[in-house]
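Taking it in order: structure first as structure tokens, then the write-up.
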Amino acid sequence: MATTSDSNTDFTFTQYDETGFHHIEIFGAREHNLKDIDVNLPRNQLVVITGISGSGKSSLAFDTIYAEGQRRYMESFSAYARSFIGNMERPDVDKINGLSPVISIEQKTTTRNPRSTVGTTTEVYDFLRLLFARAGTAYSYLTGEKMIRQTEAQIVDLVLREFDHKAFTILAPVVKGRKGHYRELFVQIRKMGFTKVRVDGEITELRPKMQVDRYKIHDIEIVVDRLKVSKQDKSRLADSIKTAMYHGKGVILALDEQGNPHHFSKFLMDPKSGLAYDEPAPNIFSFNSPYGACPTCKGLGTIAKITRETVIPDPKLSISRGGIAPLGEYRDIWIFKKLSSLLKRYGANITTPIKDLPEEVVQIILHGDAVPVAVDSVKYPGQKWHTKFEGIVSFLEKQKDSGSEKVQKWIQDFTQVTVCPDCNGARLKKESLHYKVDGMNIAQLAEMDIVQLSSWLEGLEDRLDNKQRIVAVEILKELRKRLHFLVNVGLDYLHLNRPLRTLSGGESQRIRLATQIGTQLVGVLYILDEPSIGLHQRDNQKLIKALKDLRDLGNTILVVEHDKEMMMNADHIVDIGPGAGRHGGTIVAQGDPRTFLQRNSATAQYLTGEQAIPIPDARRQGHGTILSLEGATGNNLQHLNLELPLGKMICITGVSGSGKSSLIHNTLIPILKNRLYKSKREPLPFSQIKGVEYLDKVIEVDQSPIGRTPRSNPATYTGVFTDIRALFTNLPEAKIRGYKPGRFSFNVKGGRCETCQGAGMKLIEMDFLPDVLVPCETCKGKRYNRETLEVRFKGKSISDVLDMTVEEAVIFFENQPKILRKITTLNEVGLGYISLGQHATTLSGGEAQRVKLSAELSKRDTGRTLYVLDEPTTGLHFQDVKNLLLLLNKLVNKGNTVLIIEHNLDIIKTVDHIIDLGPEGGRNGGRIVCSGSPEELISHHESYTARFLKEELYQG
């Protein structure tokens, strides 16, 4: 029940909630580290849950509230349906009242499917398909002529008008471009009463036992009538056209006096060439349907091709010295003997550099030859085996489709992904690409960004004819609405063809948010996980407005968030803490923003300015050396020249879509990895790079998962588990039993539980719902068998060690320097609350990134390393950001360079050098707006970052 009053009136009215509760009431929540908490969250309001990383925010929002909502949904199924999917475990909570149907929008659910795009996920592309199927105009891909469809009456009128008093032959096509002798067809035509047929352009009498060459391609038409066109013979003409239309299955071919062909059809047809299209339907515009997908690339827009360059990377080498990459250097095996015999035929040998071989020979080596090669037999001296040489590329192509998984992975090293030559990346077959609306095909619209597409739709009705306008009006209304939602969540720089797997966690979350706003559901509880990730401050207000609009429809919005602006715009804030892990799990403060600021929690202190991340007194001067990248033109980059002063902490900023990822992840990193590690990843186009000699290592720390199965965990990723296993192997009990390190591995037979094969969890397939992981019933999630668990160090088994939090492990292993060094780094990056054996699938993107960061920090640096971090503040509270900055500053103080892509002003204000890209996203971005220290940057008026930074520095 919510009470609303108007300041201009003296009455109040009460709005009743459909659940009968005006709060979501949670009693006794104990999931993970939650300490038996009771909390009331107001319904139909925007509620922010905040707190230190690991304090229990996700445990409350996702593992308690969402899990209970999902369980109740499952309980609504019939007993028969539940018998197939099993029962979901109830979260550890006493009671939850006032819970609506729950929809969770998380970061981690980004699909890896290349067929999922921005357009398909938001349903914008589905409405475009409908628009083209119902209002599109078809054109011939042979002549460019507009396709027409005619009724029998229209054809009669056209013939009378165009061919009056002229000789006219009416034909019914029955065979078009097919092989066969067609003896039975000719018999059938005779029985129908026809006397003449036209075979391959020649009119001939039908004869008994008539047939044609079965191995040639033929065109056969029935001669229905030959007449002189006149109005007096209109009924005869109409009957003949009707007969021809029947036998030609809706298609007629006619010949004039000069023998020129004319095509008529009740379907879409090119009047010049006779080319016919199927009736348009939405699925012929779908690249995920066999009816619409390009047959060459199967709707992907790209093909993986084995090229000459990948097979022969260095033509200066000879075959014996490894000139053919898949074969490697010379060995005494059959393939090299074959090549030797082949080259002998052309007066060369395997020691000849490939560049000196004739082009014809290189082509035979790559693609094979039909002429057999004589190879000396080892088993029978003096005899020769005559065998054909199929070619290296031909062999690899065959193995790519039919070889084992291991072989296919090996062949990937020699494949190059190129744009499909048939559809040029448009994904659709050529018929689909020749339907147009206002002169544009559907692939051209899918390549536009959201802003361009919105402007194209503006006033489109005025550019359509009456019939199209009537059909399109409702479709256009839906399209505009969905595009408006995408603009509102700050994604106007994306285009519809952008694969979903290339989006950041925050972008994919906002895509799903825009889709949910489009559904216009009411009475739902939405739970979001840091939707502001990857969003520039300029677009933050748009996101907040979108969430408020969703709330105003009559929904409850629950947001796990650290963003200052989001908190200040919330209706209610809940702060969980005071610390992480076992030090958290309690409600330290809650209330509306005004009330919340009066509390004494750590979050409130940062919001009021009592505590702050300090701005350094002086900026570092660096080494004086520069890494320079020139002429970067990939994606939306506009001949960009980048200069990175080494020995500093550098921040790359800019609005979403301005080109930060294109510049750093897709251009700079691949170039450096090619130069330093001989990596094969292709960078985006650029002119040249200078200054690589000043670096000897490049370390990229991104937010991709550290593993996709429960077998991956922080202990295995950082390598500390190898040291822990070695410690257990050296224990007296393990030595007596003869245990080796493998005994303490949960990935190999011996010490692991064989029921779950060391995973500790079993996968339950839920048919039409997402699969669920449940603890193994044999080992109860411990991963190991009883004998292995009997070996203990300081009273703890190997399973107990994996269950320890990092914080506990630091104390437990304080006298083991090798282990301590690695786990101390995990603790320093703010991950003291996670357990060493926590499943990788349960880590957020920000946590995964910090695990990777700690793995790199625990290694010995060289002082000439470039560290690249992509939004490292994801999932971090103000206090965690402060701790992270201490670590990053340590790295830079040792002479290394740290390059950060970031929107968080707390990071931006503390760095030594900023490079701001923009000024806008998409096609209006891709250039450097300004660069320099934070103090130098704030004087640039064109930069959005500078405007917000000025306020932050002034406050600081």
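Only heavy atoms go into these numbers, but all of them, side chains included; no hydrogens, no water, no symmetry mates. Heads up: numbering here begins at 1 and tracks the sequence.
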Does [X] [atom1] have over 12 foreign heavy atoms under 6.0 Å away?
| X | atom1 | result |
| --- | --- | --- |
| R620 | CZ | yes |
| K882 | NZ | yes |
| K749 | NZ | no |

Taking ring pair (Phe, Tyr, Trp, His ring centres under 6.0 Å) as the definition, give me every residue that meets it alongside [X], ordered by chain and number, with sequence neighbours left out.
| X | answer |
| --- | --- |
| F414 | W410 |
| Y677 | none |
| F878 | Y606 |

Has the side chain of [X] got a donor or acceptor atom that lies under 3.5 Å from a matching backbone atom of [Y]?
| X | Y | result |
| --- | --- | --- |
| E902 | N904 | yes |
| T716 | S712 | no |
| S745 | G742 | no |
| T873 | L876 | no |
| Y784 | F744 | yes |
| H877 | H562 | no |
| N896 | V892 | no |

State, without any angle test, whether [X] and [Y] hold a side-chain donor-acceptor pair at a distance under 3.5 Å.
| X | Y | answer |
| --- | --- | --- |
| N785 | T788 | yes |
| S854 | T825 | no |
| D575 | S601 | yes |
| R681 | N674 | no |
| H665 | D870 | yes |

Identify, with sequence neighbours excluded, every residue that meets salt bridge (Lys or Arg N to Asp or Glu O under 4.0 Å) alongside [X].
| X | value |
| --- | --- |
| R331 | none |
| K673 | E700 |
| K852 | D702 |
| R30 | D36, D92, D94 |

What pairs of residues pass the ring-ring contact (aromatic ring centres under 6.0 Å, His included) test when at least one of them lies in residues 786-832, not counting sequence neighbours?
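Sorted pair list: F793-F812.
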Among pairs that include at least one residue of residues 850-875, which meet ring-ring contact (aromatic ring centres under 6.0 Å, His included), considering only residues two or more places apart or in two chains?
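Every pair satisfying ring-ring contact (aromatic ring centres under 6.0 Å, His included) with a residue in residues 850-875: there are none.
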Between [X] and [Y], does any side-chain N to carboxylate O distance fall below 4.0 Å?
| X | Y | value |
| --- | --- | --- |
| R850 | D880 | no |
| R737 | E787 | no |
| E68 | R90 | yes |

Partners meeting side chain to side chain contact (heavy atoms under 4.5 Å, CB included) with R864 (sequence neighbours left out):
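Once residues adjacent in sequence are excluded, the partners of R864 under the side chain to side chain contact (heavy atoms under 4.5 Å, CB included) criterion are D696, T862.
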For Y330, what residues pass the side chain to side chain contact (heavy atoms under 4.5 Å, CB included) criterion, not counting sequence neighbours?
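S320, D332, F336, I350.
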Could you check V698, L644, I650 and say which one makes a side chain to side chain contact (heavy atoms under 4.5 Å, CB included) with T897?
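Of V698, L644, I650, side chain to side chain contact (heavy atoms under 4.5 Å, CB included) with T897 is met by I650 alone.
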Pairs of donor and acceptor atoms involving the side chains of residues 721-728, under 3.5 Å and at least two apart or interchain, shall be tabulated with distances.
from	atom 1	to	atom 2	distance (Å)
D723	OD2	K822	NZ	3.1
R725	NH1	P741	O	3.0

Are any non-hydrogen side-chain atoms of Q757 and R752 less than 4.5 angstrom apart?
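Side chain of Q757 against side chain of R752, heavy atoms only: contact under 4.5 Å found.
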